[in-house]
S.K.: 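Mind having a look at this structure? Questions to follow.
In what follows, residues are counted from 1 in the order of the sequence shown.
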Amino acid sequence: MAEQKVAETPTTTTGMQRKATWLTGFLMSMGVVILILASAGPLAAQVGPVSIAIWGVSALLGIPGVLIYSELAGMYPDSVGGMTVCMGDAFDKFTKWPKIITMWSYWYGWVPAIAVMSLLIGDYVNQMFGTHFTSYEAATAVLIVLFVMNYFGIVLSERIQLVIALLTVAPLGIITIAAFFKGVIHFGNLIPFRPYGDWGPIKNPAGLWTSGISWLGIGAAYYVATWSSLAFECITVYVGEYKDPVKDTVKAAWTSGITVTVFYTLVALALVGVFGVAGFAENADYPFFKLCEAVIGGGGAKVAMLILCLGLFMMANTSFNGTARILYGMSMDDLNLKQWLRLSPNGFPWVAALFNVAVTYVLLSFELPVRIIAASNLAYMICIFMPIFAFIILRKTRPDHPRPYKLKNYYIPIAWFLGILYIVIIIPGAMLYGTTVMLTGCVITLGIVPLYLYRRFVQDRRAKTTA
C-alpha cells in the first residue's frame with residue numbers, strides 16, 4: 001500500500017537510548033486489547049449489536065491513520081513523545097498554539113488509562129475475592145509497581161510487558177474463541193442488527209436506520225470507541241528510542257493495527273452474543289468475568305480474571321510509559337516545564353511520571369471508567385485529527401523534505417476523510433455525555449496555557465539571564 005525506504009539509523013539527540021525495536025512498540029500496544037472491556041458494555045447498551053461493527057470499523061480505520069503518523073515520524077526520527085511531536089512546523093507559519101495544545105491533548109488523552117485500569121483492577125479483585133479495596137488503594141499499589149519497574153529503563157519494561165502479554169492476550173483470545181466453539185454464543189442476540197438502545201433520558205427502542213436518533217447514538221458510540229480502538233498509535237511514542245526509527249515504526253504499526261482490529265471484533269461479537277443487549281446492560285461495566293464463567297466455569301473464571309488483571313496492568317504500563325515520554329518530548333521542544341526533562345540513569349522521565357501519578361489521583365474522582373474516558377476523549381480527538389491535517393499541510397509546504405517512509409499520494413484524500421470524520425464525531429459525543437464532562441475536558445485541555453507561558457516567560461528568561 002505504500003512505498004518504503006529504510007534510512008540509516010540516526011544518532012539520537014534527545015538523551016533517550018536507542019534500545020527499542022518494533023517488538024517493543026508492538027508489545028506496549030498490546031495493552032490496548034484490554035481497553036475494549038472498559039466501554040464495550042455501555043456502547044452495547046447504547047446502540048445494541050451495531051456496537052460490534054463500530055469496534056471493528058474504528059480499529060480498521062486506525063491503520064491508515066497510524067501509517068500517516070508513521071510518515072510524519074520518519075520525517076522527524078529523533079522526536080520523543082508520539083505522533084503529535086512529529087507534526088513539525090506544519091502550523092508554525094500561523095501560530096505555535098495548535099502544536100502546543102495538540103501535544104498536551106495527546107498527554108491528556110492517554111493519562112486517564114492509568115486511572116481506568118486501576119479502577120478495573122480494584123473492582124475485579126473485589127468481585128473475585130469479596131474484598132473491599134477502594135479505588136485509591138488499588139491505584140496506589142499499581143502506581144508504585146509501575147514507577148519502580150520503569151525507573152530502570154525501557155528494556156526491563158519491555159521484558160516484563162512480554163511476559164504479561166503472553167499471560168493475558170493469549171488467554172483472552174483463547175477464551176473468546178472457545179466461546180464460539182462451546183456454543184454459548186447465541187447469534188440470535190445479534191438480530192435485529194439495528195442501533196437500538198438507550199442512554200440516559202434518550203430512548204431508541206426501534207433503532208431504525210433512517211432515524212436521526214440512531215445515527216446520533218452511532219456517532220456518540222464511535223466517539224467513545226476511538227479512545228480504545230485508535231490507541232495502538234502509541235507505537236509512535238518510541239520513535240526516538242527505536243534502533244531503526246522508520247522500519248521499526250512501520251512494522252509496529254501494521255502488526256499492532258491488524259491484531260487490535262481482529263481482537264476487538266471477536267471480543268465484541270462474543271460479549272454481545274453471550275449476553276444479548278439486555279443482559280449486557282446488566283453486566284455493562286465488568287462483562288468479561290461473566291463471559292469466563294460461561295466458558296470455563298466459576299473456578300476457572302477466577303483464574304482467568306487474575307490473568308486479565310495482569311492485562312489491565314499491562315495497559316496501565318503502556319499509558320504510564322507513554323505519557324511520561326510525551327511530557328518529556330514537549331519539554332525538549334521548549335513547550336512545557338523544564339522539570340519533565342529529568343531522566344533516570346536508564347533514560348526514564350521519572351519526574352514527568354510523578355506528575356502523572358498526581359493527575360491519576362484527581363481522575364479517580366470520576367469513579368466510572370466510561371465517564372473518565374468521555375472527559376479525556378475530547379482532547380484525544382484533537383490529537384488524532386491535528387497530525388492528520390499536519391500531514392496534508394506538510395505534503396504541500398514541504399514536498400521535498402526527506403521522507404524515509406513515504407505513502408502513496410492517494411493517502412491525501414484518505415487523510416481528508418479521516419480528519420473530517422474525527423471532527424464530526426465530536427458533536428454527538430458532546431451531546432451524549434453532557435456539559436459537565438465536556439467542560440472538564442476543555443478545562444484540562446487548556447491547562448497547558450499557563451504551563452507554557454511559565455516556561456517561556458519565567459524559566460527560559462531566567463536561564464538567559466543566568467547565562
Side-chain angles (χ1 to χ4, degrees), residues 35 38-39 42-43 46-47 50-51 53-55 57-62 64-66 68-69 82-84 87 90-91 97-113 116 195 197 199-200 202 204 211-233 363 366 368-393 414-449:
L35 286 179
S39 50
L43 264 60
Q46 181 179 323
V47 291
V50 174
S51 63
I54 290 174
W55 285 112
V57 170
S58 60
L60 186 63
L61 289 181
V66 174
I68 289 172
Y69 307 146
M83 60 191 184
T84 55
M87 288 167 58
F91 300 96
W97 282 108
K99 182 177 180 180
I100 296 170
I101 292 177
T102 301
M103 292 171 67
W104 177 258
S105 296
Y106 192 40
W107 166 82
Y108 178 43
W110 263 105
V111 76
V116 170
W199 52 96
I202 301 177
N204 186 30
S211 169
I213 294 296
S214 295
W215 285 102
L216 177 64
I218 290 173
Y222 199 103
Y223 169 80
V224 173
T226 53
W227 184 81
S228 305
S229 59
L230 269 66
F232 64 91
E233 46 73 20
L363 292 175
F366 276 87
L368 293 178
V370 72
R371 290 181 64 83
I372 296 175
I373 294 170
S376 71
N377 204 42
L378 174 64
Y380 192 60
M381 296 308 299
I382 292 173
C383 70
I384 287 295
F385 69 72
M386 285 297 284
I388 290 177
F389 288 120
F391 163 80
I392 296 171
I393 293 172
I414 291 176
W416 276 109
F417 168 76
L418 292 175
I420 294 172
L421 172 66
Y422 295 140
I423 292 175
V424 169
I425 64 174
I426 292 176
I427 299 172
M431 295 175 67
L432 171 61
Y433 287 98
T435 304
T436 301
V437 170
M438 298 306 290
L439 281 179
T440 300
C442 290
V443 169
I444 298 181
T445 300
L446 294 175
I448 184 57
V449 175

S.K.: Are any side-chain N or O atoms of Trp104 and backbone N or O atoms of Ala379, one a donor and one an acceptor, separated by less than 3.5 Å?
M.R.: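 A pair under 3.5 Å: no.
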
S.K.: Between Leu61 and Leu421, what is the shortest heavy-atom contact and its length?
M.R.: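 Distance-wise, the nearest heavy atoms are CD1-CD2, 4.1 Å.
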
S.K.: Rounded to the nearest 0.5 Å, what separates atom CD1 in Ile101 from atom SG in Cys383?
M.R.: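 These two atoms lie 12.5 Å from each other.
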
S.K.: Under 3.5 Å, sequence neighbours excluded: what are the donor-acceptor pairs made by side chains of residues 212-221?
M.R.:
residue	atom	partner	partner atom	Å
Ser214	OG	Asn204	ND2	3.0
Ser214	OG	Leu208	N	3.4
Ser214	OG	Leu208	O	2.7
Trp215	NE1	Trp209	O	2.7

S.K.: Any chance you could measure Asn377, atom CG, to Trp227, atom CH2, to the nearest 0.5 Å?
M.R.: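 The CH2 atom of Trp227 is 8.5 Å from CG of Asn377, to the nearest 0.5 Å.
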
S.K.: Which residues pass the ring-ring contact (aromatic ring centres under 6.0 Å, His included) test with Phe389, sequence neighbours left out?
M.R.: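 ring-ring contact (aromatic ring centres under 6.0 Å, His included) list for Phe389, sorted by chain: Trp416.
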
S.K.: Please identify each residue that fulfils side-chain contact (heavy atoms from CB on, under 4.5 Å) with Ala390, with sequence neighbours left out.
M.R.: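 If we apply the side-chain contact (heavy atoms from CB on, under 4.5 Å) test to Ala390, skipping adjacent residues, the hits are Met87, Ala90, Phe91.
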
S.K.: Are side-chain heavy atoms of Ile384 and Thr226 found at a separation under 4.5 Å?
M.R.: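 The answer is no; the side chains never approach within 4.5 Å.
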
S.K.: Looking at Pro112 and Leu363, what are the two nearest heavy atoms and their distance?
M.R.: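 Nearest heavy atoms, Pro112 then Leu363: CA-CD1, 3.6 Å.
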
S.K.: Can you confirm whether Trp97 sits close enough to Val449 that some side-chain heavy atom of one is under 4.5 Å from a side-chain heavy atom of the other?
M.R.: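 Of all side-chain heavy-atom pairs linking Val449 with Trp97, at least one is under 4.5 Å.
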
S.K.: Quick one: list whatever passes side-chain contact (heavy atoms from CB on, under 4.5 Å) with Ala415, sequence neighbours left out.
M.R.: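 Ile68, Ile388, Phe391, Ile392.
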
S.K.: Hey, what do you get for OH (Tyr108) to CD1 (Ile444), rounding to the nearest 0.5 Å?
M.R.: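 Rounded to the nearest 0.5 Å, the OH-CD1 separation comes out at 3.5 Å.
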
S.K.: Knowing that exactly one of Leu418, Ile420, Val424 qualifies, which makes a side chain to side chain contact (heavy atoms under 4.5 Å, CB included) with Tyr422?
M.R.: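 So the option named by the test is Leu418.
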
S.K.: Does Trp55 have any ring-ring contact (aromatic ring centres under 6.0 Å, His included) partners at least two apart in sequence or in another chain, and if so, which?
M.R.: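 Testing Trp55 for ring-ring contact (aromatic ring centres under 6.0 Å, His included), a comparison that skips the adjacent residues, returns Tyr264.
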
S.K.: Measure the shortest side-chain to side-chain distance between Glu233 and Tyr106 over non-hydrogen atoms and say whether it is less than 4.5 angstrom.
M.R.: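 Sidechains of Tyr106 and Glu233: in contact.
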
S.K.: Go through the structure and list residues passing side-chain contact (heavy atoms from CB on, under 4.5 Å) with Ala231, not counting sequence neighbours.
M.R.: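 Ala231 satisfies side-chain contact (heavy atoms from CB on, under 4.5 Å) with Val32, Leu35, Trp110, Tyr380 once adjacent residues are dropped.
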
S.K.: Provide the closest heavy-atom pair for Tyr69 versus Pro387 in the form atom of the first, atom of the second, distance.
M.R.: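 Of all heavy-atom pairs spanning Tyr69 and Pro387, the closest is CE2-CB, 3.8 Å.
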
S.K.: Check each of Leu378, Ile427, Ile54 against Tyr223 using the side chain to side chain contact (heavy atoms under 4.5 Å, CB included) test, and report the only one that passes.
M.R.: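 Exactly one candidate clears the test, Leu378.
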
S.K.: Say whether, by atom type as modelled, one donor and one acceptor occur between the side chain of Ser51 and the main chain of Val47 under 3.5 angstrom.
M.R.: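 Between the backbone of Val47 and the side chain of Ser51 there is no qualifying donor-acceptor contact (under 3.5 Å).
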
